[in-house]
Every structure is written in C-alpha cells, then in structure tokens.
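Worksheet: one structure, shown below.
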Amino acid sequence: MAELFGRDLLSLADLNPTELQELLQLATQLKSQKLQLRCNKVLGLLFSKASTRTRVSFTVAMYQLGGQVIDLNPNVTQVSRGEPVQDTARVLDRYLDILAIRTFAQQELETFAQYAKIPVINALTDLEHPCQILADLLTVQEYFGTLAGLTLTYVGDGNNVANSLLLGCALAGMNVRIATPRGYEPDPTIVEKTRAIAGDKTEVLITHDPELATKGASALYTDVWASMGQEAEADDRFPIFQPYQISEQLLSLAAPDAIVLHCLPAHRGEEITEEVIEGLHSRVWDQAENRLHAQKALLVSILGAD
Ligand code: CP
Ligand code: NVA
C-alpha cells in the first residue's frame, strides 16, 4: 500500500511518482475486487461549492470500506455564520478521522490542514483538483495499459483541473500539453513545479495553439470554460474560448486510438460537442466511475486498513 498513512493531500505535488503509481495500482485492485479492504473510520465532507461526483464517490467509497460519512454542508454548520477556519478545523479534528474540503482559496484549505491534525484532502479548490486527476490517470492507464511516454493534451481554461493534470502527468512520466487562450494559462508556479518534475524526461508544453497541442495526442481532455465562482465571466469568455472547443475536427488531429476525457459536468456545444462526448472515443463515464475507485484507494492508504 502507498506510504500515505496520516498524510494530507492538498496538491498532487504532495505525491511522488512511486506513491502515485502505487495508488493507481491499489485502485485497480480494488476496482477488480481482487482485493477487499475495510476501514471503519469517519470522513467529513466540508463542501462550499456544488458537487455530484466528488460528494457521492467519496461517500460510497467510505461506505464500501465500512466507514461513515458526515456531510458538513456549510449552510447547516457555523461555517456559513463566519466561525473562523482555525476554530472549525480544531473542533472537527476532535470528532473526525479525515476531512475532505471543497472550497475557493487554496490558502483556506492549507489553513484547515495546518490547524487540523487529522488528514485533509483537497476535494477541489480554485487552484487544484487532485482527486479528479487520480481518476483520470487511472482511466488512461486502464485503456492503454501504461502511462509513461503517452501524451495528454488539455484544451480550454488553465484552471484547477489543468493545474493538477500538469502535475499528475509529469509525475506519471507522461508528456503534457495545455492549450489555452492568451490570459487563461495555468498557474505559473504549478507550471514551474511541473517542469521541475518532468526535467528533460518528458514534454511540458504550454501553448495558445489547440491544433499544435492536439497533434498525435493519446488523450484529449477539456473542462468548462467558466469554473464555479466565475459564472459572471461566462458570457465574455465564450467567444474567446470558441477555438478551443473539442470537436470532431480537433479530435481528428489526435492519435487514431485517442480517448476523450472530461471531468464533468460538461456543457455540450461549448467546450465539447455532443458528437464527441457521446462518440466512440469518449471515456467520460469510465472516468467518472473511477473517481470511486481512486478515492477508495486514497482513503485506505491515508487511514490504513482495519
Ligand atoms: N468532476 C467533479 O469534481 O464533479 P463534481 O463537481 O460533480 O464533484
Ligand atoms: N473547473 C471546474 C471543475 C468542476 C469539477 C470548476 O472548478 O468548476
């Protein structure tokens, strides 16, 4: 089992390449049911943004491990009435075994982790979405049988998903290309970290040219053009992002056996066409299912099996 016992996962950069590989291996074993583990612990979900997949997959993962989940919707806790993060963190620490947080600022997540001694998992911030990328890499590995040496191209907004994909692909020994409009590039600190992980072993390309980025890629990935919290910008963004839509035409430039990924929820006709998301290359439903297996592996690695 990966050496993650008692640790936080605030960024994908908290993992090294071996830990990532071991997590994916454990997820594969759990998915195949060749391995069944128990972990009778209590997970808290403190989500300040909407969620379908992350909320439900964490909950089901914990139930299948024999554990319990408490949904700490900020509206029904004192969080929405302004109780300081430092106080909430120290109190939840006394009740729970592990806490998954979905919020806006990465700094808030880091403050939680600083004040709570229990492990804290990033269930999405404006900066990163590491749990999503564990499932994405599992999906690519299942399809191609390997990750090292493959090329993943992300086309769209340089958002939380793009940032974590950069780190995840570099850790997995994959080439990673990100194509965004000017002004919407991924976080520069994350790009720098990615280049440090990749060294001269794999490619890290940040470009404004979606066609260049897509040529020969094995996995073509996109996400919404306006993330949660950016809804007011959506109308202004659409014309800027139009050339970054994943369409049949863009997909035709990828490798013939390329797979198409989307973290969901998707906006058909915006970042991806109906034909592509429903087409033969799409693996988005396997990808969504893999949230469950990847997070089960993560939970049991951090908490330890009974
Ligand atoms: N992909 C993802 O995180 O989905 P939810 O927002 O539904 O959790
Ligand atoms: N980038 C999106 C991902 C949703 C799962 C958002 O943050 O809203």
Side-chain angles (χ1 to χ4, degrees), residues 9-12 27 43-62 69 71-74 99-109 121-140 152 154-168 178-181 183-187 190 219 221-235 237-238 240-241 244-246 260-268 270-272 277 282-296 298-299:
L9 183 75
L10 307 183
S11 161
L12 258 196
L43 164 71
L45 297 178
L46 185 57
F47 281 24
S48 302
K49 290 176 175 171
S51 170
T52 299
R53 281 142 288 268
T54 311
R55 184 192 303 282
V56 178
S57 56
F58 263 119
T59 304
V60 174
M62 209 59 198
V69 179
D71 193 350
L72 299 160
N73 181 335
L99 183 58
I101 297 177
R102 170 169 285 204
T103 191
F104 295 86
Q106 181 78 11
Q107 184 54 54
E108 186 186 319
L109 177 79
I121 296 177
N122 181 348
L124 182 148
T125 61
D126 292 344
L127 187 66
E128 276 207 54
H129 197 3
C131 296
Q132 176 67 52
I133 277 56
L134 295 178
D136 302 341
L137 294 175
L138 182 61
T139 310
V140 176
L152 182 144
Y154 173 96
V155 179
D157 185 24
N159 61 15
N160 42 13
V161 169
N163 289 333
S164 291
L165 269 175
L166 274 165
L167 294 167
I178 309 280
T180 71
Y184 296 92
E185 295 84 0
D187 181 81
I190 296 226
Y221 197 126
T222 193
D223 182 18
V224 290
W225 290 342
S227 286
M228 289 181 277
Q230 298 173 330
E231 290 80 1
E233 291 176 43
D235 288 349
R237 285 182 172 222
F238 292 157
I240 300 169
F241 278 81
Y244 297 83
Q245 182 187 65
I246 297 194
V260 172
L261 301 174
H262 191 309
C263 58
L264 305 176
H267 294 90
R268 289 162 166 82
E270 294 178 15
E271 75 275 3
I272 192 162
I277 198 168
S282 173
R283 290 291 171 279
V284 301
W285 316 117
D286 292 339
Q287 183 185 4
E289 177 188 334
N290 283 338
R291 299 294 306 276
L292 169 66
H293 309 297
Q295 283 155 208
K296 199 188 285 179
L298 180 67
L299 287 167

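When a ligand or atom number is given, it counts from 1 through the structure's own listing order.
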Out of Cys263, Ala266, Ser227, indicate the one that has the non-hydrogen atom closest to atom 6 (C) of ligand 2.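 Nearest heavy atom to atom 6 (C) of ligand 2 lies in Ser227.
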Output yes when a side-chain donor or acceptor of [X] lies under 3.5 Å from a complementary backbone atom of [Y], and no otherwise.
{"X": "Gln245", "Y": "Glu270", "result": "yes"}
{"X": "Asp187", "Y": "Ile190", "result": "yes"}
{"X": "Thr222", "Y": "Val155", "result": "yes"}

Side chains of [X] and [Y] only: does a donor on one sit below 3.5 Å from an acceptor on the other?
{"X": "Arg283", "Y": "Gln287", "value": "no"}
{"X": "Ser48", "Y": "Arg102", "value": "no"}
{"X": "Asp126", "Y": "Gln106", "value": "no"}
{"X": "Asn163", "Y": "Tyr154", "value": "no"}
{"X": "Thr139", "Y": "Asp286", "value": "no"}

Using distance alone, determine whether Asn160 and ligand 2 share an N or O pair under 3.5 Å. yes
Would you please test Leu165 and Tyr221 for side-chain contact (heavy atoms from CB on, under 4.5 Å) and show each step? CA-CA 10 Å; Leu165 269 175; Tyr221 197 126; 3.7 Å; yes
Can you pull out the closest protein heavy atom to [atom]? Residue, atom name and distance to 0.1 Å, please.
{"atom": "atom 6 (O) of ligand 1", "answer": "Arg102 NH1, 2.8 Å"}
{"atom": "atom 3 (C) of ligand 2", "answer": "Asp223 OD2, 3.5 Å"}
{"atom": "atom 5 (C) of ligand 2", "answer": "Leu264 O, 3.7 Å"}
{"atom": "atom 8 (O) of ligand 2", "answer": "Met228 N, 2.8 Å"}

At a non-hydrogen distance cut-off of under 4.0 Å, which region of Thr54 contacts ligand 2 (side chain, backbone, both, or neither)? neither
Is the contact between Leu124 and ligand 2 made by the side chain, the backbone, both, or neither, using heavy atoms and a 4.0 Å cut-off? side chain
Short list, please: which atoms of ligand 2 are under 4.0 Å from a heavy atom of Asn159? 1 (N)
Short version for Lys49: what comes under 4.0 Å of ligand 1, heavy atoms counted, is neither
side-chain contact (heavy atoms from CB on, under 4.5 Å) partner of Asn160, the single match among Cys263, Ser227, Pro186: Ser227
I'd like to check whether [X] has a polar contact with ligand 1, where a contact means an N/O of the residue lying under 3.5 Å from an N/O of the ligand.
{"X": "Arg55", "result": "no"}
{"X": "Leu264", "result": "yes"}
{"X": "Cys263", "result": "yes"}

Below 4.0 angstrom from a heavy atom of [X], which ligand 1 atoms are there? Numbered from 1 as shown, please.
{"X": "Thr52", "answer": "5 (P), 7 (O), 8 (O)"}
{"X": "His129", "answer": "2 (C), 3 (O)"}
{"X": "Arg53", "answer": "1 (N), 2 (C), 4 (O), 5 (P), 7 (O), 8 (O)"}
{"X": "Arg291", "answer": "1 (N), 2 (C), 3 (O)"}

Are the side chains of Asp157 and Asp223 in contact, using a 4.5 Å heavy-atom criterion? no
